[in-house]
Each structure stands twice: as C-alpha cells, then as structure tokens.
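Naming: A, B, ... by sequence-line order, numbering from 1 per chain. Since the structure is predicted, the reported quantities are computational estimates derived from the model, not experimental observations.
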Protein chains: 2
Amino acid sequence: MYRSHTCGELRHSHTGHEVTLAGWVQKTRDKGFMIWIDIRDRYGITQLIFDEERTPQNVFEKAKTLGREFVIQVTGTVIERESKNKNIPTGDIEILVTDLHVLNTATLPPFTIEDNTDGGEDIRMKYRYLDIRRNPVKDKLIFRHQVAMQVRNYLSQQGFIEVETPYLIKSTPEGARDFVVPSRMNEGQFYALPQSPQTFKQLLMVGGMDRYFQIVKCFRDEDLRADRQPEFTQIDCEMTFVEQEDILGIFEKLTTHLLKEIKGVSVDTFPRMTYADAMRKYGNDKPDIRFGMEFGELNDVAKGKGFNVFDAQELIVGIAVPGASEYTRKQIDAIIDWVKRPQIGANGLVWVKYNTDGTLKSSVDKFYSEKDLAQWASATGASPGDLILVMAGGADKTRTQLSALRMEMAERLGLRKADEFAPLWVVDFPLLEWDEDTARYHAMHHPFTSPKPEDIALLDTDPGNVRANAYDLVLNGNEIGGGSVRIHDSALQARMFELLGFTKEQAEAQFGFLMNAFQYGAPPHAGIAFGFDRLVAILGGQEIIRDFIAFPKNNAGRDVMINAPATIDQEQLDELHLVVKS
Amino acid sequence: MYRSHTCGELRHSHTGHEVTLAGWVQKTRDKGFMIWIDIRDRYGITQLIFDEERTPQNVFEKAKTLGREFVIQVTGTVIERESKNKNIPTGDIEILVTDLHVLNTATLPPFTIEDNTDGGEDIRMKYRYLDIRRNPVKDKLIFRHQVAMQVRNYLSQQGFIEVETPYLIKSTPEGARDFVVPSRMNEGQFYALPQSPQTFKQLLMVGGMDRYFQIVKCFRDEDLRADRQPEFTQIDCEMTFVEQEDILGIFEKLTTHLLKEIKGVSVDTFPRMTYADAMRKYGNDKPDIRFGMEFGELNDVAKGKGFNVFDAQELIVGIAVPGASEYTRKQIDAIIDWVKRPQIGANGLVWVKYNTDGTLKSSVDKFYSEKDLAQWASATGASPGDLILVMAGGADKTRTQLSALRMEMAERLGLRKADEFAPLWVVDFPLLEWDEDTARYHAMHHPFTSPKPEDIALLDTDPGNVRANAYDLVLNGNEIGGGSVRIHDSALQARMFELLGFTKEQAEAQFGFLMNAFQYGAPPHAGIAFGFDRLVAILGGQEIIRDFIAFPKNNAGRDVMINAPATIDQEQLDELHLVVKS
C-alpha cells in the first residue's frame, strides 16, 4: 500500500494519526529551518511540514532537493495548522513528516500546473497529460463521467437497453464523408467507421428491441471547423410504437432529470416552436430564448418613405436591444464595424434610440418621422430605453446576419448566463433541402426521416414544402439533440431514395439490407440523438467542447500529443494491397 | 400513443379494462368461428381472441388475413382465460378484440421466430434483425446491458472515473496487427484503431487521474479463429499508487459483486496459482478448477520398466478421471480416437482402470505390475472407481494435449456446470517469451509490464527467467481479465524496449510520447483489462461470445447482414490518395 489516505481526505479529526500520503509536489516554501510542501493528487492538496527540530536530519535534507512535480511518498503525523487555510478542505491540518521517499523525479514541466497556468493552448495540447493534472481540466473529465452515469442510469431505469452496435461497417455516399478502414482479409474492400449507428438502431427496432440507447463514438471525415472533432460522442436512442409526442415527452424528462441532478436547476417548460417560426423570429433554427430581442419585420412600415436603401430590399428586420438607448456614437460604431466583419458580411445597419423620455432618434431621421419610428418600435417590441438595430437585404442572409448580431448583443449585455437553462423544441423541419451545386434535393435530417402524413401528397407536387416529423432539442442557443419519426414503410422509403436522386441500383447497393428488413414486419419507430460532447459542455456552463474531451484533436485532425496520424510501414501497406499516390 | 400496455404486462387484475396493444403476430390458431392470435413485443406475449359472436364482423374478417410477423395494433377488453397458461406471466388473461389495425405486413421470415428456431447459423446471421426477435438472442443482449450497468455503477461507486480515450490513434508495430484509417487531410498518413487504450490510460495516470475505467471497443486485425471478433469490448482499468495486491483485491470485489448481483452466487475465495504451477498441474495458464484431475507426473515410476514407448520420452503424465473405471473398451477407444484428432495430435494414450474392488488393470499390463500401477494411482491422486489416462512425449506438447483431454473428460462427465463459478488468479507470468521465428524476445503481456523487483538483475543475465508483476483472472477455465504493474521509470522502460529488439530510434518513433511523459513525474501504476464479451458469456453460462454480440462478424471478418466490407467509390480513393493494387 503506497498510502493510507488521499491528499484530499485528512481533517481536524485525524489530528495525532500517523498517515502515509503519495502524490506530486505542487509547491515548496523553504524558510531555511522550516520547509512547507504542498502535495497533490486527484483528490486534493495537503500541506506537509519539515522542521529542522522535529524532522529527522536525512529527511529534512532530502526535502530540500525536491522539485516541482516530483512524485513522493511521505509518512508523518497529522497536526493542527497554526494558520488555517479556509480555501481547501484539508486546510485545518498539516503533516509533520518523519519519512520521505522519492518515487520518481520530474523534469520541470513546460507550463505551471496551476488552475491559471502560464501555458498556451498549443503547448498544453502537446503535453495534455500534464494539462490533465490541472483542476480545470481534471474536473471537466470527472464532470463528463458524472453526466454519462446519470444518462445511463436514467435511461436504464426507463427500460432502455444499451446495445453496442459495430464500428466496422459499410461506407455510404449519403451525408458527410466516411472514414474508411481497408480490409486485409477482403482485398480491395473497406469498412467504414459509423457517422452514427442510424441503420443499426433501426434494425434493432425491426428486431423488436424497442427502447434502445447507446453512448457511442461516431466519426466524420469533414474539414474541421473550430470546435468540431473528427470523432465525437453521441447519446443515441430509438423506440418502437411511438409517435413524435412520446419521444418529446421522454427526452424532456431526461433533460429535466439531468438539469436537476447535475445542476440543481428546475426546468418546468419545454416550449415548442416550428422551424418556420424560429427562422422568422430569430433567424436561426436553434434560438437562445433566455432573452428576448425577437425579430420585428419592418417591410410594411419602413418601405416607401424615400429611403432607397430599404425600398429595394427583400426584407427589413430589426431587434430591440434592451437598455441600450444610451449607447454612445462610438459604441454604436463598434457594433456597425462588428456586422461588417467578413464573418458576418453586412453592409451596415440602421439604428433607432428609443430614449427613456419616450422620444425616438435614429440614424435615418432624414427619411422617417418619430411617428414612423414609433411603428418600428412597436414592430420590434421596443420599450423606452432600448436601442433598435435594423438590417436589410435578401431575406435568408439578413436573418442570419441579424441572428448573429442578436447573439453578440446578448453576450455584450451579459444575457447569456451560464447558470440559466432554457430548453426549446424546434419542430416541423422541412423534409428536403435543395442543393444548388448538385441540382437535387438532400435530406435535411437523413433519408430515413418520415414526412408528416398530411404532407405526403406534396411529395409529388411540391417536395420542397414537405414538412418532416423531425425535431431538435435546443438548449441555450445550442442544438443538443435531434431526431425524427422514421419511415417504416418500404414503399415510402423507396420513394424517398428516388426523390434524393438514388437509382434503384444505388439504393439497393447502399441500403438494400434496410429495405429488405422492412419487408419482415417493421414497426413504427422514432428516435433522437444527443451530441454528448456539446451537452456536457453546455451543462458545464461552457460552449467549447474540446475542454471536455480527454485527448482532443486539433483543427487539422491531428493528435499533437502522440503525433497521429503518421506514416505506416511498407509491409502494412502491402498487406492491405494499397499504394499511396505521391 | 400506439399502446396502453406492453404485451408482457397484463394480469388477472386488469380484467375488464379496455387496453390497446401493439406487436408482432407470433402465432394464429383459426377454429373458424374463433381465432386466437399470440401478439409479441420485447416484453412478452399476450393471447388475443377474435370471436364470431362478440368481435365486429370486419375486425373478425381482417384477423383471418394476418400472417406471421405482421405488425398489428389491437384494442379490446381484458378477460379471464378459460384454460390458463402457467408458462407465461400473462397466461391468466386474454384480450377480446374489438378493433384491429395492421401497422405493417410481413413477408414470411426465412426461419421461425421461436426459441427453438429451424434456422441455421448462416441464415440467422444474414437476417440478424429477425434473430434478435427471438428470446434466446434478445435476452442475451439485455443481459449484457445489465452486466455493463453493474460494472459501471460498481466501479463508479469505488471512485473510478470513466474517461473516453480516442479511437483514431497511431499504429504501432508491436503486438497484433492494427486496423488503419487513411487520413484525407494528412496525405499518405494513417490513423490506427486502438488494440487497447493501454498508452492512453497510462498517460491518464501520469496526468494524475488515478482510478480510471472504460468499457471500450478495441480492434485487432488478426486472422480470425472461431469465436474471435475483429472488434471486441474491454473493461479497461488503471490505478495509481497501487501494487499488485491492491489490484487483485479491488477486482476480486468487482467479480464477487457481479457474481452476487447477476447470478446470485456467493464466491468467497480467489485462490492464487503461479504460472509455473498452473502449467505443471493443469498444462494450461487458465485452468478450470471447478473439478480435480490435477496432473500426476509419472517419470519416476513409469520409466525403466521395459516399456520403450515411455522410456524415451521427456514427460509421462496422467490424470485420474473420477468414476470412469467402468468405461467399456468402446468408450476408451473413443477417447483414444479423440486425442488422435489433428487438433490434439497425440499418438495415443495409456489407460489404467482403478476398479472399485481396488484391483488395477491397464493397457500396459505386460510391462507394469499392479504394484507399479498403484504408484501411478498415488501420483495422479486416483481412488478406486477412477480411470487413469496417461500421455507421454515432449513436456510442453504433452501437457497441452493432456490439458485438452482433461477439459474434454470434464465436459463428458458434466463437471463444467454453468451455474458453478470458480475464479482463480494466475500470477508470476514470465516477462518475456522467446520467438524462434524472429529470434528475439517478445513481451508476454506487453512492453510496459514491470518485472518483479527481485528479478530485475536477471534482465542482463537470464531474461527468459524474469518473472513479471502480471496477473490473469481466470473464471471456469477462461481468462476473463489480465493486467500488470507497469514500468514507471523511463530508464527501465528504455531497457525493456532494448530487450525487445527496438533500436533507440524505433522506440522513440513509436513510444517517444510515453517515455517523454515519464520524465515529468510518472507515479507507480498498475491496471487490468477484462474481455467484456467473454465475461458476459461466462456469466451467462456459455462460452460462445458471438451470441452476446448484437451484430457479430463471421470468421472471415464479414458482416453478412450489411455485406461489409465492400468496395468504395473511386472518388473516395482519390481523396485519400490511395490506389488498390490488383
């Protein structure tokens, strides 16, 4: 036994006990005749004291040689501290050391192992195993584990069965790009890593497994954007003999349970919004509803007043920023500069100050009377004290831009509070979206999503307007889950593949096993998948998922710690019958 | 809502209730004026009754059209059954149906969906989603889930944190063959899928994470033997500041907990045996100790008696098969044929009947007196009524053959009972094994395994005799877990790589990140990994792991249901800069 206690365990009640601890040297204070050392492990920090008078000479001398991050084992007596440290649980005591073993030495780490480290992102990724010693990283990994346990236990109690689906599956050209795995035993053939267990969970439903779930790694070989990982974790769920309403109900309860157990937050409403409404009111299919600033459309009240810039536009739309009427010219210019950034790409914006005295003052007073502006205020729901910001242009683009501005203003005003949680279901997504590049429809969710029964007739006449039985769960402006009622009729599934531009042969080659399975008594079924990395981050009050992953990859898909990917031996390539083109 | 109750839920107390059920048509009995249909879902089976008198005409007619595995929804009243079925929980009641919807039709399945199906292995694998509808398969998947939940909750309660390690890692030439994943974004480079999270869990220990676990998929591209899968699941664990004794203690408790919770079996002893003893006494490093038949070595008592066949051999060794002294000549011949099978490869065996009257009769009476044979009986621990079976030859080969025979005899005698559990630790494995082909040492466990401190001096003089701090947990003759104390000293780790024939450059290229990590204060650490598929199978009273995997691959590594692996598009190959050699 290397230790009798952990470094987070000893309290005043242990005074007088002889104990043995093991851990890392966090900090040394050497006063010559007295040395204090903080020893750290996963569980906490304990202060050690070496005293010229009371510590054996050789132990005292050895203590002087210890460097940061040395791994040591000490034995000593728990004594009460003279100056207590109220900031740590072990702050009432210290260990008067009588014996010391150096279990391992340590080279000076490339950054400090402190909550606020001096190490930059790159160096911390390269030495991730040192970064994990820091509380902010370690605590996030423990938090992730706790969320996973809560999810598993809750779903298991609801009768869900976790079934492991395979990782070595088959590549499908639909959707994102697959990672593939050459097969040595089947020359010239490849497995693919799953982008999700979608087809397997549907086959489990055909297999009568009913309530399935899995916390599972998924893979997408996409060009990485910031905070997107080539491998990511999903909470994947599927049920039989259910309709949309059943799924929403069960996963509201899961979300409520997690918020309660993990955050101590009670959430009692899960508002619902159609995709169409979300786009119209927030310019976004995952609106953050913790604050207002709903879009007000101004076409009726802002056109035809001689302001040519507006007259020609498809959409004029504004938001009322609460309590911002006293922004200075400089502050407003900063906002204008912000919307002109290439990432946003607006030409500018029009502003109206709705002063606390009820007067209205705008950047377009030349064209609009106060009475006109009062109509704008009414349309955007502005009150005295608000600043109305208005953008104009093509409808889709302008909504997207105003949505970004809305979020930015909320950030600046501190309205996106880490401890406030507002879930929202977005429903009635379009089934299909038109892709200009390939001149064909794509499945907005995936090809197995069921159209709404009342819209099925439109499949022939107006596919673009068919709504799907699809739903997203949005939390604080982040999509944390999404799913749909699935097609369980093989004829409808075949029609869907046809709409998506598959030939019969392609559909057969790719999804033949699924369509075949549907012949043998496929039950109605529906499901949902949560992005686990994001869910954990949001629950942790953050939006950067990378911090909640033990060994993340960088934006080029590299693990800089182990230096992967890397070249492989010629022998390996030969066995796989592969040649790398140079 | 498709149903008010599941098909396993209704009892006598529901009599008179109106209910709605949904499920699959299991069986129809049509008596003309009366039709009984069994409806099935994940939860059970309920009997439906359609009655010419009491069921609406159109519903009655529709019931006549239902085929096996049709998916139906029925509404009706719960009534008491005239002839109760005590074999099923719903056997007291039936549903008098008033409404019937066909949710989906079904083509006749290629095998019967019954506990005892008429389908062979191949067809059931191809239509695995139909096989899963059968109780024996479905129940095993649910059982697997329950074991996983028990493992996670137990380890979590013991302070273990489940940390997800990456799947896209780096290929290492040591050990089994890796599956590799070409990187599109890093031309000519490959990720590898993990054979185990070994190095990551060690880095987590360097990172101070202490008690880590993970139930995780691992991958090995090996030529498949029966019942070995290219992807398999492991319970992977690692701890810091522990010695071998701590690990054995904690994982004994986990095993005891599982046996208790899952099987209701109390196990109070975990005997320990050295690798050397296991090989000598059982010819096997994973002996089944639920029964005796320990090896008795007969060199001293069987040589020099004129039986030339024995005199020339390295080892003469036998077992006493309990209660088999009355085997007929035919039965004994069958055993002799069995050991001559190519899989065993023996030339034959010598037998001695230790009759119940105390007399001894053998196949070599010409050379050995009853007094000689009594010495054999003593050496093999035989009692009157036993049959002694003796083999001879090269020591290693003969032990292996006799071990196989011991297991076979136990099977024949019914000594391998599915409900009896006898765990065993095998300890003190050799650190290295000599490989004739490559003429170098290989790590018996893996290159990170620590030698026993007292044997470190032998590393220079006699590496083949160095024992490792390595241990296997054996349950009923199956290795269910194995692990070791790891090397945490970078100099010793470097020495180990050298012994294994790595050049400094190779070691640096492959494991540089680990050896580098060890510079920064690596704590003493140790771990273990359980083969989860096998553990679940053994707990389930079986030894075939495939039945406990939802979608297994066949012996050629193929998923015959989805037909993977498969060829991929030229476009995909081009993006990966790969050419398939023809």
Side-chain angles (χ1 to χ4, degrees), chain A residues 2-3 22 24 42 69 71 104 106-107 109 129 132-133 141-142 145 149 156 161-163 166-171 179-181 183-186 188-191 203 206-208 210 217 221 231 241 513 517 519-523 550-551 557 561-562 564-568 577-581, chain B residues 2-3 22 24 42 69 71 104 106-107 109 129 132-133 141-142 145 149 156 161-163 166-171 179-181 183-186 188-191 203 206-208 210 217 221 231 241 513 517 519-523 550-551 557 561-562 564-568 577-581:
Chain A
Y2 275 97
R3 58 187 171 192
W24 287 262
R42 190 187 115 193
E69 302 304 320
V71 187
N104 220 335
T107 304
Y129 47 87
I132 289 172
R133 287 189 194 164
L141 298 181
I142 295 176
H145 164 66
M149 288 302 294
S156 189
I161 303 297
E162 185 162 22
V163 179
Y167 279 78
L168 296 174
I169 64 166
K170 189 160 132 175
S171 189
F179 281 107
V180 296
V181 181
S183 166
R184 181 177 55 86
M185 298 217 286
N186 302 275
Q189 299 191 342
F190 295 75
Y191 302 99
L203 290 171
V206 174
D210 197 348
K217 272 281 176 78
D221 185 14
E231 52 177 304
F241 301 122
F513 61 95
Q519 313 275 359
Y520 294 99
F551 299 101
M561 181 184 71
I562 64 169
T567 54
I568 58 174
H577 314 284
L578 289 180
V579 177
V580 174
K581 267 191 294 193
Chain B
Y2 275 96
R3 58 187 172 191
W24 286 263
R42 189 186 116 191
E69 301 304 317
V71 187
N104 220 336
T107 303
Y129 47 87
I132 290 172
R133 287 188 194 162
L141 299 182
I142 295 176
H145 164 67
M149 288 302 293
S156 190
I161 303 297
E162 185 161 21
V163 179
Y167 279 79
L168 297 173
I169 64 167
K170 189 159 133 176
S171 189
F179 281 107
V180 296
V181 181
S183 165
R184 180 178 54 88
M185 299 217 285
N186 302 275
Q189 300 192 341
F190 295 75
Y191 302 98
L203 291 172
V206 174
D210 197 346
K217 274 279 175 78
D221 184 14
E231 52 177 302
F241 300 122
F513 61 95
Q519 313 275 1
Y520 294 101
F551 299 102
M561 180 184 71
I562 63 170
T567 54
I568 57 174
H577 315 284
L578 289 180
V579 177
V580 174
K581 267 191 293 191

Among the listed options [options], the residue most often paired with chain B at heavy-atom distances under 4.5 Å:
options: V206(A), I142(A), V580(A), L168(A); answer: L168(A)
options: K581(A), R42(A), E162(A), M561(A); answer: R42(A)
options: R184(A), M149(A), K217(A), M185(A); answer: R184(A)
options: G188(A), P166(A), A550(A); answer: P166(A)
options: L141(A), L578(A), V163(A); answer: L578(A)

Picking from [options], which has the most non-hydrogen pairs under 4.5 angstrom with chain A?
options: P565(B), A22(B), A517(B); value: P565(B)
options: I169(B), I132(B), I568(B); value: I568(B)
options: E69(B), R133(B), Q519(B); value: R133(B)
options: A106(B), A564(B), G521(B); value: G521(B)

Pick one of side chain, backbone, both or neither for [X], based on which atoms fall under 4.5 Å of a heavy atom in chain A.
X: N186(B); result: side chain
X: V579(B); result: both
X: S183(B); result: side chain

Q.
Does V180(B) form a side-chain contact (heavy atoms from CB on, under 4.5 Å) with V181(A)? I'd like the steps, not just the answer.
A. CA-CA 6 Å; V180(B) 296; V181(A) 181; over 6 Å; no
| request: Name the orientation class of the two ring planes belonging to Y520(A) and Y129(B) (parallel below 30°, tilted from 30 to 60°, perpendicular beyond 60°). | output: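 Rings of Y520(A) and Y129(B): tilted, 30 to 60°.
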Q) For the residue pair T567(B) and Q189(A), what are the closest heavy atoms and their distance? A)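 Reported closest heavy-atom pair: N-CG, 4.2 Å.
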Could you tell me which non-hydrogen atom of H145(A) sits nearest to which non-hydrogen atom of I161(B), and how far apart they are?
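Here H145(A) and I161(B) meet closest at CB-CG2, 3.7 Å.
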Check: Hey, what do you get for OH (Y167(B)) to OH (Y167(A)), rounding to the nearest 0.5 Å?
Finding: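 Y167(B) OH to Y167(A) OH: 3.5 Å, rounded to 0.5 Å.
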